[in-house]
Peer 1: 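Could you have a look at this structure, given as C-alpha cells, before my questions?
Throughout, residue positions are numbered sequentially from 1 according to the sequence presented.
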Amino acid sequence: QVQIEQSGGGSVQAGGSLRLSCTVSTYVYDAYSLYCMAWFRQAAGSGREWISSISADGRTTYAESVKGRFTVSRNNVQKNLDLQMDNLKPEDTAVYYCAANVLSASWCLNLRTDSDYKAWGQGAQVTVSS
C-alpha cells in the first residue's frame with residue numbers, strides 16, 4: 001500500500017507563490033523510483049483537473065493553464081515530490097492533490113485522467129485572492 005502525505009498550501013494574493021510537497025511511503029524499498037507522479041486540482045463544483053506529471057526519470061509535462069508558472073520536481077532518494085507555483089491567479093484556487101500510478105511509469109506523460117492514478121495525497125487548499 002502506497003501512502004502519500006501532503007504539505008503546503010495556503011492563501012496568497014494574485015501574483016504570489018506557493019510550494020506544495022508530497023512525501024511517499026512505499027512498502028517495497030525504492031519502489032518510488034519507478035512511479036509516475038502527477039498533480040491534480042479540484043476547484044469548487046468541478047472534477048479533478050490534471051495539471052502536471054513527472055516520470056520516474058524526471059521528464060515533465062504541464063497543462064496549458066499552468067505552463068510557465070508551475071514547476072514539478074522529484075527526489076527519488078528522499079521519495080518526495082514538489083510543485084512550485086509562481087505567478088498564481090485567482091483561477092488557480094482549488095484543492096491540490098498529488099497522485100501516483102505505480103504500474104504505468106513508461107506511459108507517465110500520457111496519463112492525464114484521475115482514473116489513471118490509484119494512490120492520492122489528502123489534498124491541500126490553495127486560495128488565490130485578486
Side-chain angles (χ1 to χ4, degrees):
Q1 184 174 349
V2 177
Q3 297 190 54
I4 304 174
E5 182 176 0
Q6 292 187 230
S7 62
S11 299
V12 66
Q13 290 186 330
S17 297
L18 288 171
R19 188 175 184 90
L20 305 178
S21 297
C22 292
T23 299
V24 180
S25 298
T26 64
Y27 73 96
V28 178
Y29 183 78
D30 207 31
Y32 176 72
S33 65
L34 302 177
Y35 293 175
C36 175
M37 301 296 297
W39 288 96
F40 290 78
R41 65 187 182 188
Q42 186 169 13
S46 65
R48 290 186 182 182
E49 173 193 12
W50 172 87
I51 58 172
S52 182
S53 295
I54 182 166
S55 65
D57 61 356
R59 293 174 292 124
T60 62
T61 188
Y62 299 90
E64 289 295 325
S65 59
V66 305
K67 189 178 298 182
R69 300 188 297 119
F70 291 9
T71 303
V72 64
S73 60
R74 68 189 293 167
N75 186 311
N76 286 345
V77 176
Q78 298 182 347
K79 298 183 179 181
N80 56 31
L81 177 77
D82 294 322
L83 183 68
Q84 177 66 42
M85 303 182 291
D86 296 320
N87 192 22
L88 284 161
K89 303 176 180 180
E91 52 263 44
D92 295 320
T93 296
V95 177
Y96 284 71
Y97 299 88
C98 60
N101 184 314
V102 302
L103 300 176
S104 301
S106 63
W107 290 92
C108 181
L109 300 186
N110 296 318
L111 302 177
R112 302 181 180 183
T113 61
D114 56 356
S115 62
D116 291 321
Y117 295 85
K118 305 304 180 183
W120 295 83
Q122 77 274 22
Q125 177 69 50
V126 171
T127 302
V128 184
S129 60
S130 60

Peer 1: Report all side-chain donor-acceptor pairs from residues 6-15 shorter than 3.5 Å, counting only partners two or more places apart or in another chain.
Peer 2:
| from | atom 1 | to | atom 2 | distance (Å) |
| --- | --- | --- | --- | --- |
| Q6 | OE1 | C98 | N | 3.3 |
| Q6 | OE1 | G123 | N | 2.9 |
| Q6 | NE2 | Y96 | O | 3.0 |

Peer 1: Give, for atom OG of S73 and atom CG of L83, the distance between the pair rounded to the nearest 0.5 Å.
Peer 2: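 Between S73 OG and L83 CG, I get 8.5 Å after rounding to 0.5 Å.
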Peer 1: If you compare all heavy atoms of A63 against all heavy atoms of W50, which two are closest, and at what distance to 0.1 Å?
Peer 2: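 Shortest heavy-atom contact: N-CZ3, 3.4 Å.
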Peer 1: Could you walk me through whether D116 and W107 pass the side-chain contact (heavy atoms from CB on, under 4.5 Å) test, one step at a time?
Peer 2: CA-CA 10 Å; D116 291 321; W107 290 92; over 6 Å; no
Peer 1: Flag the pair E49 / S65 as yes when at least one side-chain heavy-atom distance between them is below 4.5 Å, and no otherwise.
Peer 2: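 Side-chain contact under 4.5 Å: yes.
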Peer 1: Decide if the gap between the ring center of W39 and the ring center of F70 is smaller than 6.0 angstrom.
Peer 2: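 No: the rings miss the under 6.0 Å criterion.
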Peer 1: Might you point out which heavy atoms bring Q125 and A94 nearest each other, and give the distance in Å?
Peer 2: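 Scanning both residues completely, I find the closest heavy atoms to be NE2-O, 3.4 Å.
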Peer 1: Would you kindly say whether Q84 and D82 are connected by a side-chain donor-acceptor distance under 3.5 Å?
Peer 2: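 Checked: Q84/D82 side chains show no N/O donor-acceptor pair below 3.5 Å.
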Peer 1: Taking the side chain as every heavy atom from C-beta outward, state whether D57 and N76 have any atom pair closer than 4.5 Å.
Peer 2: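 No, their side chains stay 4.5 Å or more apart.
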Peer 1: Can you see whether N110 engages R112 through a side-chain donor-acceptor pair at a distance of less than 3.5 angstrom?
Peer 2: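 On atom types as modelled, these side chains do not qualify, holding no pair under 3.5 Å.
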Peer 1: Could you verify whether a donor N or O on one side chain and an acceptor N or O on the other, from K79 and T23, lie under 3.5 Å apart?
Peer 2: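 There is no such pair between these side chains.
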Peer 1: Tell me if the CD atom of E5 is crowded by more than 12 foreign heavy atoms within 6.0 Å.
Peer 2: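 No, not enclosed.
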Peer 1: What is the minimum heavy-atom distance between V66 and I51, and which atoms define it?
Peer 2: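 Looks like CG2-O, 3.5 Å.
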Peer 1: Nearest 0.5 Å please: distance from the NZ atom of K67 over to the OG1 atom of T60.
Peer 2: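 K67 atom NZ to T60 atom OG1 measures 9.5 Å (nearest 0.5 Å).
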Peer 1: Drop me the distance from N101's CG to C108's SG, to the nearest 0.5 angstrom.
Peer 2: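 N101 atom CG to C108 atom SG measures 7.5 Å (nearest 0.5 Å).
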Peer 1: Is the shortest heavy-atom distance from the side chain of L109 to the side chain of R59 under 4.5 Å?
Peer 2: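 Side-chain contact under 4.5 Å: yes.
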Peer 1: Show the nearest heavy-atom pair for residues V72 and S52, with the distance to one decimal.
Peer 2: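 What the structure gives for the nearest pair is CG1-OG, 3.3 Å.
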Peer 1: Please report the C-alpha distance between V24 and N80 in whole Å, then the side-chain angles of each, then the deciding distance to 0.1 Å, and finally whether the side-chain contact (heavy atoms from CB on, under 4.5 Å) criterion is met.
Peer 2: CA-CA 6 Å; V24 180; N80 56 31; over 6 Å; no
Peer 1: Would R74 pass as a cation-pi partner of Y35, given that its NZ or CZ must be under 6.0 Å from the six-membered ring centre and within 45 degrees of the axis?
Peer 2: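 Not flagged: R74 not positioned over aromatic ring of Y35.
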Peer 1: Between S53 and A38, what is the shortest heavy-atom contact and its length?
Peer 2: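 The pair with the smallest heavy-atom distance is OG-CB, 3.7 Å.
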Peer 1: Let's go through L88 and L18 carefully: what are the C-alpha distance in whole Å and the side-chain angles of both, what is the deciding distance for side-chain contact (heavy atoms from CB on, under 4.5 Å) to 0.1 Å, and is it a yes or a no?
Peer 2: CA-CA 8 Å; L88 284 161; L18 288 171; 4.0 Å; yes
Peer 1: Taking the six-membered ring of Y97 as reference, does the cationic atom of R48 (NZ for Lys, CZ for Arg) lie under 6.0 Å from its centre and within 45° of its axis?
Peer 2: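 Because its charged atom sits under 6.0 Å from the ring centre and within 45° of the axis, R48 does stack over Y97.
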Peer 1: Which is it for Y32 and M37 under the side-chain contact (heavy atoms from CB on, under 4.5 Å) test, yes or no, and what are the steps along the way?
Peer 2: CA-CA 9 Å; Y32 176 72; M37 301 296 297; 3.6 Å; yes
Peer 1: Mind listing the closest non-hydrogen atom pair of Y117 and C36 along with its distance?
Peer 2: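 So the two residues come closest at OH-SG, 3.5 Å.
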